[in-house]
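Notes to accompany the following structure.
Along the sequence shown, residues carry numbers from 1.
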Amino acid sequence: MPNIKSAKKRVLVNETKAARNKAARSALKTDLKKFEAAVAEGNRSEAEGAYKVAVKAVDQAVGHGLLHRNNAANKKSKMTLKLNKLA
């Protein structure tokens, strides 16, 4: 445990940020899994709805610094290909 006041505060702030990032990553994974499940089921209309939610979640993750923009582009591209294969 740190002795300096600013170091103590930094520990607390880092714990808070880590918890927020963990929750955001978990929510992102959930949205991606819902899309994957809809695609695996073969339900086009459900997949389209899940696709819109997942793409928005990926874009928000980039904005919050959880994903690199190239990684997000890669994820969105793969989701788009999977959605188009259902047609």
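The closest side-chain heavy-atom distance from Glu15 to Leu12 is below 4.5 Å. Taking 4.5 Å as the limit, every side-chain heavy atom of Val39 sits out of range of all side-chain heavy atoms of Lys85.
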Start with the C-alpha distance between Lys82 and Leu86, add both sets of side-chain angles, then the distance that settles side chain to side chain contact (heavy atoms under 4.5 Å, CB included), and finish with yes or no. CA-CA 7 Å; Lys82 287 179 182 178; Leu86 284 180; over 6 Å; no
Mind running side chain to side chain contact (heavy atoms under 4.5 Å, CB included) on Val13 and Arg10 for me, showing each step along the way? CA-CA 5 Å; Val13 169; Arg10 184 61 30 215; 3.6 Å; yes
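For residues 63-80, the side chain to side chain donor-acceptor pair (under 3.5 Å) pairs, not counting sequence neighbours, are Tyr51-Thr80, Asp59-Lys76. Within the structure, salt bridge (Lys or Arg N to Asp or Glu O under 4.0 Å) contacts touching residues 44-58 (residues at least two apart or in different chains) are Arg44-Glu48.
Under the 4.5 Å side-chain heavy-atom criterion for Ile, Leu, Val, Met, Phe, Trp and Tyr, Leu83 and Leu32 are members of the same hydrophobic cluster. When hydrophobic clusters are built by joining Ile, Leu, Val, Met, Phe, Trp and Tyr residues whose side-chain heavy atoms come closer than 4.5 Å, directly or via intermediates, Phe35 is grouped together with Val62. Residue Val55 is grouped with residue Leu67 when hydrophobic side chains (ILVMFWY) are merged at heavy-atom distances under 4.5 angstrom, including chains of intermediate members.
Considering only residues two or more places apart in sequence or on other chains, Ala7 meets the side-chain contact (heavy atoms from CB on, under 4.5 Å) condition with Pro2, Ile4.
If you take CG on Leu81 and CE on Met79, they are separated by 11.0 Å, rounding to the nearest 0.5 Å. To the nearest 0.5 angstrom, Lys5 atom NZ is 9.0 Å from Lys9 atom NZ.
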